[in-house]
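In what follows, every chain begins at residue 1, and chains take the letters A, B, ... in the order their sequences are listed.
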Amino acid sequence: MNPVIEVKNLKKYFTTPRGMLHAVDDVTFTIEKGRTLGVVGESGCGKSTLGRTIIHLHESTEGQILLNGKDVTNLKGKDLRQAREKMQIIFQDPYSSLDPRKTIDSTIREPLIVSRRFTKSQIDQKTQELMDLVGIDERLRKAYPHELDGGRRQRVGIARALALEPEFVVCDEPVSALDVSIQAQVLNLLKKLQKEKGLTYMFVTHDMSVVRHISDDICVMYLGQVVEKCSSKELFKTPLHPYTRALLSAIPSTDIDKPNKREILRGEITSPVNPKPGCRFAARCPYAKEECLKQQKQEEISPGHFVTCCRLQEISSSYN
Amino acid sequence: MPKMTGHAKNQGGFTAVMKQMSKNKAAMLGLLILSAEIILAILAPYIIPYDYSFMDMANMFAKPSASHLFGCDDMGRDIFSRVLFGARYSISIGIIAVAIGSVIGCTIGAIAGYFGGQVDNLIMRFLDIIQAIPGMLLMIVISAVLGPGYFNTIVALSIGSISGMARMLRAQMLKERENEYIEAAQSINCSKFRIITSHLLPNCISPMIVSATMGVAQTITMAAGLSFIGLGVQPPIPEWGAMLSAARQFIRQAPHLVYFPGLAIAVTVLALNLLGDGLRDALDPKLKN
Amino acid sequence: MLKYVLKRLIWMIPIVLGVAILVFIMMTFCPGKPEEIILGPSATETELAAKRLELGLDDPIVLRLGRYMSDVFIHFDLGKSWLTNVDITSSIKERLPRTLMLTVTTLFISVGIGIPLGVIAAIKQNKWQDSLCMVLALIGVAIPNFWLALLLVLQFSVKLNWLPALGIGTGLAGIKFYILPAISGSTGGLASCARQTRSAMLDVIRADYITTARSKGVPERDVILKHALKNSLIPIITVMGTMFGHFLGGAMIIETIFAIPGMGTYIIGAVNSRDYPIVQGGSIFLAITFSFCMLIVDLLYAMVDPRIKAQYASGRKKRKVKANA
Amino acid sequence: MHQKEINTDMPFLSIKDLKVEYKSDGQIVHAVNDVSLQLERGKTLGLVGETGAGKTTIAKSILRILPDVGSHIANGEIYLEGENLLKLSETDMRKIRGNKVSMIFQDPMTALNPVLRVGDQIAEVVSLHSDSNNRAEHEKRAKEMLEIVGIPAERYYAYPHQFSGGMKQRVVIAIALACNPDLLLADEPTTALDVTIQAQVLDLIAELRNKYNTAMLLITHDMGVVAQVCDTVAVIYAGRIIEYGTKQQIFKHPSHPYTIGLFGAIPDMNEDEEWLHPIDGLPPDPTNLPQGCSFAPRCKFATDACWKEPISMNKTQDGHDCRCCRIEAVMKGED
């Protein structure tokens, strides 16, 4: 059976006055039906752009995007509209992702109206279903976004995304702007919906503990490049790429007995504009050598565990 | 720390805005004066004590008295009636000119704001050229071309307010376009037209209403200025600016001619500014309490 | 900085050319035939035809536009007045300084008094000073400058006879003639500048770096003058640009009241007497001067805001959407 | 100048029944309700809570930089080295701000003045609190501080917009520590930063705190940061301290239902559970707090006793306090 989403050598460059910004650079992955791919990385690594490019909010510069085996990369007009109904997105900022002038009810029903495939009564009934599905109570139907707290606004965003029964949903840091107690409610809701509706998620976040909890496989990105990709258990058990190891060790853990030894990275993220070829982490990598500046290629170290680092053999001996 | 962050407390609907406005006494005062003036202006032909053009030579330069509240002018006409009747001209010029200017300006601004790229550049350069000519100078040139008169003044003033409105809406749209609810609208297949009309414009309207109210005040003053220098509405029409201009020659022997038309302009502009400030605080999310 | 000035200067050329073309095209739609205006009603048919030929009125508009542009921008010759045959450029040279004098004094008075008033109103927010300033500002903005001029003339010239109501004087005595016009022009400007300063200051006072300054133990006076004021100057200078346009327009009307022979009386007189070359030449020249003054305001903007200066130091031009008053 | 009453037997910093209210849009917001805290010299207290719990308000009350429009300290005392800061005159308080007590803010992007050079903003706090007024000396000290926080001294003349988020936060730290304060108030210093940069900045703060033996009040909502940096922990909910204890006590056996709920809601790094245990219900609305325990509406163990009247803090001998009247039931329910 074809994977729901397959991305091959996807690139997205933005022309800026200072030069060509390589937001997404040669990304390849597949996501099976009902599974969640976590995409993690620091700000500026291109994870949000990747999500938006797949669902055509940005036009891709190069590469291929397949939805259920069908190529949706350069669709236009009617075909694009149909493909888009199958791919939806949930946004990060609850305060700016809902139109402040529209009631909750009209925000949820808008996708149904725009698709022009439903009668008035069908729309009313489906809107009611969606509100129950995401747990928004009836009396809030006529409320405006500013009358709701962050958690319930995200629920409205989720209801809007699910209105057209999509198969693939990009979750762009959906819980980062929420408090911990509300965050857990929304994460549980997303998992429940995945089980009930068989949804396939691409979950973008910078929070490692959230990504571990919700995703089956994880893809670590740095400055537009995928540096490591494997199952979530394996990534936290045996991280291989130096950046992934530094990322994991930088997280302050709540286990006070085990003082985590720190691999503190030097310096700052370099600029993604007109980047030099080769590994973009070389500037901050403690193990960087001459050959790191050459073009890197992704190798499968163990089944399902891909890493992009030419000096992996020599480095991994010094890990344990 | 108050829970409500920067977003508006009272979005959504006219009633909520009015409720918020009622707390602001100054804005209510402005609204009261303005509506009183508009009602008086509409009823003017029926309630003014004397016909505004009736010349009673006996009362030439009569001081303000019981029979003639504001006294009489050089032709013995009752100034109170002329000021009241003049309101029809001055206020209507302000409102119509800003209305036309806003409609045209907003369309241009919306097109530039949403489509961006070359279209935006072209429009902005054209607006730069128009705005390189100071407001009053542009009015003078246009009235030289069209000639004086009530309708020509309206046309001149609406052309003048187009560039301000267009630039303001464009800036507002560029700001709103960054919000994620616009990306959300695109992701659910909304057409460009629907995004502009049902998402962008409703969110850009409130600052436009505020600047339109202030615009009316500015336009009334400019219209009076134009008539004052003889390029706007011509006497004997009792437009306030024209009345002031006529009163100028007799400033030595009949000073009271100067007071009332000017006062009428000032009161109208004050009321509009009060209303504009009230609207800004009621509609603007960052309330300056 | 020099790179920023050069860039803005180069940027002004298309705008100035655009203004000239726009005004020229608009003037071609003026009512009345030029030859009848020049020769008057008694002229014969042949004289009229000769005049049309001489002025090249029958040539296609593009040719006439080209000729006019080359006259103005290459030979700096704005042509002659139809009625008095006086060279326009020389009269402008004589009149422009007077209008600029009045406009610039109005700007200085408005900014000089408006900003401190606005700062005081912002510091003493919601206290009596704030409401007093704002009530006065509201009234100031509402009073049209030409009505105020008449009232001032009535009070100080007609009744008290302290100041002259008309004309201009030379040298030190000339100042006397400028007092009433400057006051009537700047009251409105002063009021709106105070309002703009107050709202800019209120925005800045709520910023995080003001809390940082307070947490450093900076006394309140320095927090306002050293930290807050410099940041609120940025929006104020943007507004000053558009206010300059209002003052220029206002000055033209005030000149007619006080019979100051500046650009205002010159152009308005020409409109009434249908002497279109003066209106055309005068408007273009005034618009060019206005653009130069806007350039100066832009430079002020760059001096206050280091981000703009750094922008141009690294050679990148940032699209700047100017906030509208 | 009145004789300053100083009682020396008090802990270094002691806050007693602090109550702060905001007037916003006609309603009274009870931001901080009878908060009492202590902090010893050189120690770090973690103040943990969610948005709107009143954490930042407490810090700003200590420095007395609450925005004066609409907010005021209703009652309570704040003793620093035995001296009640709330009674000090404005001039005396100014001598303390930035010198004895200083603050680091959450959002580095807006914490620095965009139109002033970075170095001058550091030198300013040095000149305010040093008796000599020779500028070169202040500049030298500012450059020293830049080196200490890991920024090359020649960046003294750069402007804030030329710095990244992490670098700006280092400048804010340099400003806060320039005069060797005794107390550092850190309001979510690393929340706005990326994980790797956060690790760098947290280590920098911990290192400088140990070097200068500075007491610190660390405000955060991230339990991991508390575990790594703090000695004692106070959990705050709706403007009231609901649990207080040492790091071991709070992390090993939390006793208040809200604290337990917080730990349950955090996805744990090393175990793998199917579902998180969120705290259901809504965050509290500070304009109308319930009469009894403010957590009652969301608490599984709530009985009508919890709703009736405010719950007092029940103190235990080993210093692990908890504001809950059903601790045994919670303990039972939990095991």
Side-chain angles (χ1 to χ4, degrees), chain A residues 40-45 135 148-152 175-189 191-192 195 206-214 222 232-233 236-237 243 246-260 262-269 271 284, chain D residues 48-53 150 163-167 190 192-200 202-204 220-230 233 237 246-248 250-252 258 261-283 285 298:
Chain A
V40 89
E42 295 185 301
S43 38
C45 74
L148 271 64
D149 71 294
R152 274 189 293 182
V175 290
S176 311
L178 303 178
D179 276 317
V180 175
S181 55
I182 308 294
Q183 202 175 74
Q185 290 172 15
V186 175
L187 285 175
N188 283 354
L189 171 65
K191 261 195 159 180
K192 177 169 78 74
K195 289 214 174 345
H206 64 276
D207 184 335
M208 297 299 280
S209 47
V210 167
V211 82
R212 176 199 166 81
H213 170 73
I214 195 146
Y222 186 83
S232 116
K233 263 189 236 29
F236 284 86
K237 207 154 34 58
Y243 176 65
L247 202 57
L248 293 184
S249 77
I251 301 155
S253 100
T254 52
D255 178 352
I256 49 178
D257 305 332
K258 185 164 68 56
N260 43 23
R262 307 304 291 275
E263 283 175 40
I264 301 292
L265 292 178
R266 289 183 276 96
E268 297 267 328
I269 290 189
S271 152
R284 300 174 74 193
Chain D
V48 180
E50 295 188 312
T51 326
F163 282 69
S164 72
M167 300 284 271
T190 58
L193 304 177
D194 277 319
V195 175
T196 46
I197 308 293
Q198 167 177 339
Q200 289 171 3
L202 271 183
D203 279 3
L204 175 66
T220 179
H221 61 274
D222 181 340
M223 283 300 194
V225 171
V226 171
Q228 190 186 331
V229 175
C230 303
V233 182
Y237 183 81
T246 64
K247 182 161 63 173
Q248 275 67 21
I250 297 288
F251 275 76
K252 279 287 167 259
Y258 176 66
L262 269 189
F263 280 110
I266 304 166
D268 193 334
M269 284 298 290
N270 11 44
E271 298 137 31
D272 231 355
E273 328 110 301
E274 185 56 27
W275 300 103
L276 295 175
H277 326 290
I279 306 168
D280 27 24
L282 282 174
D285 172 4
R298 304 172 75 181

Check: Looking at A:Arg284, A:Arg152, A:Lys191, A:Gln183, which one has more heavy-atom pairs under 4.5 Å with chain D than the rest?
Finding: A:Lys191
Next item on the list: Considering non-hydrogen atoms only, spot the tightest contact between A:Ser181 and D:Arg298 and give its length.
Entry: OG-NH2, 3.3 Å
Check: Can you name the nearest heavy-atom pair linking A:Phe236 to A:Leu248, along with the distance?
Finding: CE2-CD2, 3.6 Å
Next item on the list: Select one option (side chain, backbone, both, neither) describing which atoms of A:Lys237 are under 4.5 Å from chain D's heavy atoms.
Entry: neither
Notebook entry, point to check: Is it the side chain or the backbone of A:Leu247 that comes within 4.5 Å of chain D heavy atoms, both, or neither?
Noted result: both
Note to self: On a heavy-atom basis, which atom in D:Ala227 and which in D:Lys247 lie closest, and how many Å separate them?
What the structure shows: O-NZ, 2.7 Å
Note to self: I'd like to know which of D:Leu282, D:Ile266, D:Leu262 tops the heavy-atom pair count under 4.5 Å against chain A.
What the structure shows: D:Leu282
Next item on the list: Would you indicate whether the side-chain heavy atoms of D:Gln200 and D:Asp194 approach each other to under 4.5 Å?
Entry: no
Check: What option among A:Ile182, A:Ile214, A:Asn188 has the most heavy-atom pairs under 4.5 Å with chain D?
Finding: A:Asn188
Notebook entry, point to check: What heavy-atom pair brings A:Leu178 and A:Gly150 nearest, and what distance separates the two atoms?
Noted result: CD2-C, 3.6 Å
